[in-house]
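Throughout, a chain's letter reflects where its sequence line sits, starting with A, and its residues are numbered from 1. All values reported here derive from a predicted model rather than from experimental measurement.
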2 protein chains.
Amino acid sequence: MSDDDSAVARERIIESLEQSAEVYGLSRSAGRIYGVLYFAAAPLSIPELVEETGYAKSTVSNVTRTLSRIGLIHRRSSEGGGRRVRFEAEREVWFILQDVFQQYIQREIQTTLRTVRRAEEQLPADAREQERVRNLRETYEDLQEIVQLTSEYSAGELREALENYER
Amino acid sequence: MSDDDSAVARERIIESLEQSAEVYGLSRSAGRIYGVLYFAAAPLSIPELVEETGYAKSTVSNVTRTLSRIGLIHRRSSEGGGRRVRFEAEREVWFILQDVFQQYIQREIQTTLRTVRRAEEQLPADAREQERVRNLRETYEDLQEIVQLTSEYSAGELREALENYER
DNA sequence: TGGTTTGTTCGGAATGAGCCGAACAAACGA
DNA sequence: TCGTTTGTTCGGCTCATTCCGAACAAACCA
């Protein structure tokens, strides 16, 4: 009974993670694999993940690689005996988000900002586009700074900073 | 000459927007159409957008609808004579981001949070999963609050709030 | 009224992503 | 040593997305 309840609750959350994965540009399989690892009592190997998720070995192999690259899970190689690679979920969700901010958002903002700055310099001083490009640049500069600072705080600190701010 | 330079600069930025669109889950055509509208001196109709972008009329029709729905561009109907629908870009990038936060991120967080809370209640008190689910819930509660507050401030205020925060 | 312009909707082609099974490489155990 | 287990890579299948052209509906103009 109690075990059943746990299983159901776990499954619900994993389904929710599947959906979240899609929203953030990952595959459903990535969401499920992360979810299974999130609740696993110990790091799991690829055959174990195949068993738990029902996905093909090749799928699990590919998905675990991308999840590792992004930082959602960690490879725990050389665990005890055997050369089995084992995977463990990064359970500090805030870390994950900070990583995503650093790796993707920050990067995206920076390349755009570089393009905009170059375009702005190149633009004739009297061009109609001047003001619009300047606006774009200024917003992106704010964004860059915000994202930068965000990735330096914990979720709690961030929340506090916003709650205490007096305009 | 000067016009050429402007055109080149504009094109660079539009290409950058095409790429950004992809990153944020939109099509390249959406990025280009938004870009053209961003620099347009006046709101443009669908035939004019076809002329400027080279896309088929149907494509422009579909893309403008989704961009309007998201709030990246606005329909300016009933402009002067004719029943031509005209589109204008929302140029306050921060508004757009706030909308995205409200519509997608906030929503996503809330549905996940609801699932997690329900699962937590359902869970037997002694379940192994207890702590992990609680962790998840607490982080999501922080996130919800953060996103909520974020959408109430301007980019400048947000930046200031973070810069002035003393741990 | 009939022809023109504008915008939407439909079906289809091309492309890409997700997942699978099979083949392969590498390390282990008997 | 040879068979087994583990993990990666490859080609192919399926489905969704993107975009196109054609057909259609609605409003305008002559």
Side-chain angles (χ1 to χ4, degrees), chain A residues 14-15 17-37 40 42-70 72-88, chain B residues 14-15 17-37 40 42-70 72-88:
Chain A
I14 290 178
E15 279 168 10
L17 291 175
E18 277 181 334
Q19 202 175 339
S20 299
E22 274 189 319
V23 173
Y24 298 121
L26 294 170
S27 59
R28 292 184 73 78
S29 54
R32 174 155 295 267
I33 288 176
Y34 174 81
V36 167
L37 288 175
L44 298 182
S45 66
I46 288 186
E48 288 166 334
L49 280 171
V50 169
E51 168 70 21
E52 291 283 330
T53 63
Y55 285 114
K57 204 170 46 152
S58 54
T59 302
V60 173
S61 174
N62 286 322
V63 171
T64 49
R65 187 177 44 223
T66 71
L67 286 180
S68 300
R69 189 153 39 79
I70 304 178
L72 268 88
I73 66 178
H74 302 290
R75 283 183 89 103
R76 299 265 179 255
S77 41
S78 75
E79 150 73 34
R83 81 183 234 292
R84 267 185 157 176
V85 181
R86 293 176 179 281
F87 296 95
E88 183 168 22
Chain B
I14 289 178
E15 280 168 9
L17 291 175
E18 277 182 335
Q19 202 175 337
S20 299
E22 275 190 318
V23 172
Y24 297 121
L26 294 170
S27 59
R28 294 185 72 80
S29 54
R32 172 155 298 268
I33 288 175
Y34 175 81
V36 167
L37 288 175
L44 299 182
S45 66
I46 289 187
E48 288 166 335
L49 281 171
V50 169
E51 168 71 23
E52 290 284 327
T53 64
Y55 285 114
K57 203 171 46 152
S58 56
T59 303
V60 174
S61 174
N62 286 321
V63 170
T64 49
R65 186 176 48 223
T66 72
L67 286 180
S68 300
R69 189 154 37 81
I70 305 178
L72 268 88
I73 66 178
H74 302 288
R75 283 182 89 105
R76 299 265 178 257
S77 42
S78 75
E79 151 71 38
R83 81 179 234 290
R84 267 185 156 173
V85 180
R86 294 175 179 282
F87 295 95
E88 182 166 24

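- Remark: P of dT6(C) and CZ of R86(B) are 9 Å apart, rounded to the nearest angstrom.
- Put simply, S27(B) has no side-chain N or O that comes within less than 4.0 Å of OP1 or OP2 on dT18(D).
- Surrounding CD of E88(B) are more than 12 heavy atoms belonging to other residues, nucleotides or ligands, all under 6.0 Å away.
- In this structure the side chain of T66(B) never reaches within 4.5 angstrom of the side chain of N62(B), judged on heavy atoms.
- One can place CZ of R75(B) at 12 Å from C1' of dT6(C), the figure rounded to the nearest angstrom.
- Taking atom CG on L49(A) and atom C1' on dT8(D), their separation rounds to 15 Å, with Å as the unit.
- For dC19(D), neither phosphate oxygen OP1 nor OP2 lies less than 4.0 angstrom from any side-chain nitrogen or oxygen of R28(B).
- For E22(B), the CD atom counts as densely surrounded, since its 6.0 Å shell holds more than 12 non-hydrogen atoms of other residues, nucleotides or ligands.
- Between L67(A) atom CG and dG18(C) atom C1' the separation is 14 Å, expressed in whole Å.
- Of the side-chain N and O atoms in S29(A), one or more sit less than 4.0 angstrom from OP1 or OP2 of dC19(C).
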Test log, rule side-chain contact (heavy atoms from CB on, under 4.5 Å), inputs F87(B) and R76(B): CA-CA 6 Å; F87(B) 295 95; R76(B) 299 265 178 257; over 6 Å; no

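- Regarding L44(A), its CG atom lies at a distance of 16 Å from the C1' atom of dG7(D), rounded to whole Å.
- Applying the 4.0 Å criterion to OP1 and OP2 of dT9(D), one finds that R65(A) has a side-chain N or O inside that range.
- With a 4.5 Å cut-off on side-chain heavy atoms, I14(B) and V36(B) count as touching.
- Between I70(A) and L26(A), the closest side-chain pair of non-hydrogen atoms falls below 4.5 Å.
- Between the C1' atom of dT8(D) and the CD1 atom of I46(A) lies a distance of 8 Å, rounded to the nearest Å.
- Only K57(A), S58(A), S61(A), N62(A), listed by number, bring a heavy atom of residues 50-63 of chain A to less than 4.0 angstrom from any atom of DNA chain D.
- R32(B) has its CZ atom 16 Å from the C1' atom of dT18(D), to the nearest Å.
- Shown here is Q19(B), whose CD atom has no more than 12 heavy atoms of other residues, nucleotides or ligands within 6.0 Å.
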